[in-house]
Amino acid sequence: MLKIHNSLSGEKQEFKPLRPGEVRMYVCGMTNYDYIHVGHARMLTVFDLIQRYLRSLGYKLTYVRNVTDIDDKIIERAAANGENWADLAQRFTVAMHEDCATLGLQPPDLEPRATEYIDQIIAMTQTLIDKGYAYVARDGDVMYSVRKFAPYGRLSGKKIDDLRSGSRVQVDDVKLDPLDFVLWKHAKPGEPFWASPWGNGRPGWHIECSAMSTSLLGNYFDLHGGGEDLKFPHHENEIAQSCAACDTPFVHIWMHNGFVRVNDEKMSKSFGNFFTVREVLKTLRDPEVLRFFLLSSHYRGPINYSMAQLAQADETLLGLYRALKDSGRSGIVDGEWLARFRGAMDDDFNTPEAMAAMQGVARELNQAKSAGDGAKTDAAAATLRAMGAVLGVLQQDPDTYLKLSVGDKTISDADIEGLLDARRTARAAKNFAESDRIRELLTAAGVLLEDKPGGVTQWRRA
RNA sequence: GGCUAGGUGGCAGAGUGGUCAUGCAGCGGCCUGCAAAGCCGCGUACAGCGGUUCGAUUCCGCUCCUAGCCUCCA
């Protein structure tokens, strides 16, 4: 039985889809005006994991993750570059897709873009005006009147009065209340615009997600996710918009992933302490290391980004691939271990606990290998691969994986093989001084040797 | 200031009212020509102070500390 933590209640609850067998999930995706960083990668990876697990449970999942392709930041950045805003958004959307593919993320079922939903956004805004939740302010901005929506603040646990007193928002005479937020923004000269009943303008950020999610998944759907930082005001505002416009509940379970931190501080654009996925990947053996690292702690908690942590993830993942090496592909999955693994995943996607189960299987695998028990070896390997498949790791060929290097290769495979030939000859002649000299040479070049029984030597890159 | 989430062994990171997380690093042993890998074993961990309890790291209260949100943010 799957349990999921609901941000709305602050508690784990048994997950029951609104429609039997079917799950509808919406995740707030990226505003693409730059390359994605590790913090974005965590969000993308976490919901990729959830998508995979829900599917593995047999649910018919519709996973929607939007792209915000019109926004102040996009306009600003494009202007700074002297580039067309749409070209810029498109360029970075393509880059994001490339990064997602590199990270092994399965694409969402639907990836709506805000600019494709202008009609729906205008319609929803009109509905909110008609129902008295929104008003047209000066200049043609349409604002949502927060005080009209009684449950406002429920998701974030905030009270309107507290928010107001601590508000850093400049009191703006366009707004009736400082907390009111914009649904439709009038276009200033030179800015992109769409025609609307309130003049030329563009949608506010919050309304996009309400319009796209309800258009594609219906007014009331199962799961809505995003980074913790979107809880307020973004998701709070989505609730206010959607519930008011549709007269139905909006989302069954809200899910929020924790931040990636750098030196105990949130990784973000504004702090300037971010690392793009592209630059980080250059320092790693394989993109799988980053995925493994991101899944090695629970999705709701914070995770600290550092080279040391990545190195540890690399080492641990390497150990798992070493276990998988020299095993057959025809083993039968061990149901008991798999049940333990699933139990962990069922408990609000507890990946660290699930990984502990994987380590248990890896140990059994190594034990079976030492004992020369082929059937047991293959069974454990099959079990480990099956678990890995759910997490999206350990699906590569171990021999290939272990020969990957961190950064550039300092010596070619052919040169390594040549030196190993020479070493084999030396060892056969019991010339251990020569054999050790070659081994040290290879070690210096980042190649580690393992002598197996029968004169066989295996190698891998450090 | 308001609200929220946390403080677990050298590091990372789960979890639990009373036998075990797990991984990395370290130490000892087996194996090995020597290594490496693997296996076996080892290490007075649960911020502090009170309280509840036969028993608390786990429940309650307070204190201290950290992060996040309250402005765009995954």
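Bear in mind the structure is a predicted one, so any value in this text is a computation, not a measurement. Chain naming here is simple, since letters A, B, ... match the order of the sequence lines and numbering starts at 1 in each. Both backbone and side-chain heavy atoms feed into the values below; hydrogens, waters and symmetry mates do not.
For B:C69, its base sits under 3.5 Å from the side chain of A:Lys158 at one donor and acceptor pair at least. Between the base of B:G38 and the side chain of A:Arg322 there is no donor-acceptor pair shorter than 3.5 Å. The base of B:C34 is paired with the side chain of A:Arg439 by a donor and an acceptor separated by under 3.5 Å. For B:C34, the base has a donor-acceptor partner in the side chain of A:Asp451 [N/O atoms by modelled type, under 3.5 angstrom].
Atom P of B:U53 sits at a distance of 33 Å from the matching atom of B:A14, rounded to the whole Å. Between B:A21 and B:U32, the two C1' atoms lie 32 Å apart (nearest whole Å). B:G17 and B:C30 have their P atoms separated by 42 Å, given to the nearest Å.
Whole-Å rounding puts the A:Gln458 CD to B:A37 C1' distance at 9 Å. Atom CZ of A:Phe292 and atom C1' of B:C24 are 11 Å apart (whole Å). Distance CD (A:Glu238) to C1' (B:A74): 13 Å, rounded to an integer number of Å. Atom pair A:Lys231:NZ and B:A5:C1' shows a separation of 8 Å (rounding to whole Å applied).
For residues 256-265 of chain A, the salt bridge (Lys or Arg N to Asp or Glu O under 4.0 Å) pairs, not counting sequence neighbours, are A:Arg261-A:Asp264.
In summary, A:Lys73 and A:Asp34 do not engage in a salt bridge, as defined by a charged side-chain N under 4.0 Å from a carboxylate O. Taking 4.0 Å as the cut-off between side-chain N and carboxylate O, A:Asp177 and A:Lys148 do not count as a salt-bridged pair. A salt bridge links A:Lys325 and A:Asp399; the closest N-O separation between the charged side-chain nitrogens and carboxylate oxygens is under 4.0 Å.
There is a side-chain donor-acceptor pair under 3.5 Å between A:Tyr321 and A:Glu288. A donor and an acceptor atom, one from each side chain of A:Ser242 and A:Ser210, are located under 3.5 Å apart.
Proximity of A:Arg460 to A:Arg322: side-chain heavy atoms (C-beta onward) are separated by under 4.5 Å at one or more points.
Within the nucleic acid shown, A:Glu265 comes within 4.0 Å of sugar-phosphate atoms alone, with no base atom in reach, counting heavy atoms only. Across all strands shown, A:Phe259 has heavy atoms under 4.0 Å from base atoms, whether or not it also approaches the sugar-phosphate. Among the protein residues, A:Met30 comes within range of the sugar-phosphate backbone only, with heavy atoms under 4.0 Å from sugar or phosphate atoms but none that close to a base.
Comparing B:A37, B:G68, B:G33 against the side chain of A:Ser435 picks out B:G33 as the nearest. Among the nucleotides B:G33, B:G13, B:A14, the one closest to any side-chain atom of A:His298 is B:A14.
The shortest distance between the side-chain N/O atoms of A:Gln312 and the OP1/OP2 oxygens of B:G13 is not below 4.0 Å. Within the structure, every side-chain polar atom (N or O) of A:Arg261 is placed at least 4.0 Å from both OP1 and OP2 of B:U66.
The stretch residues 340-354 of chain A touches RNA chain B through A:Asn350, A:Pro352, A:Glu353, each having a heavy atom under 4.0 angstrom from the strand.
Mapped onto RNA chain B by nearest heavy atom, A:Arg460 and A:Lys269 fall at different nucleotides, with A:Arg460 at the one closer to the 5' end. Residue A:Tyr299 is the one, among A:Gln359 and A:Tyr299, whose nearest nucleotide of RNA chain B lies closer to the 5' end (criterion: closest heavy atom).
A stem is defined here as three or more consecutive Watson-Crick or G-U pairs, each with both distances under 3.5 Å; for RNA chain B these stems are B:1-7 with B:64-70, B:10-12 with B:22-24, B:26-30 with B:38-42, B:47-51 with B:59-63.
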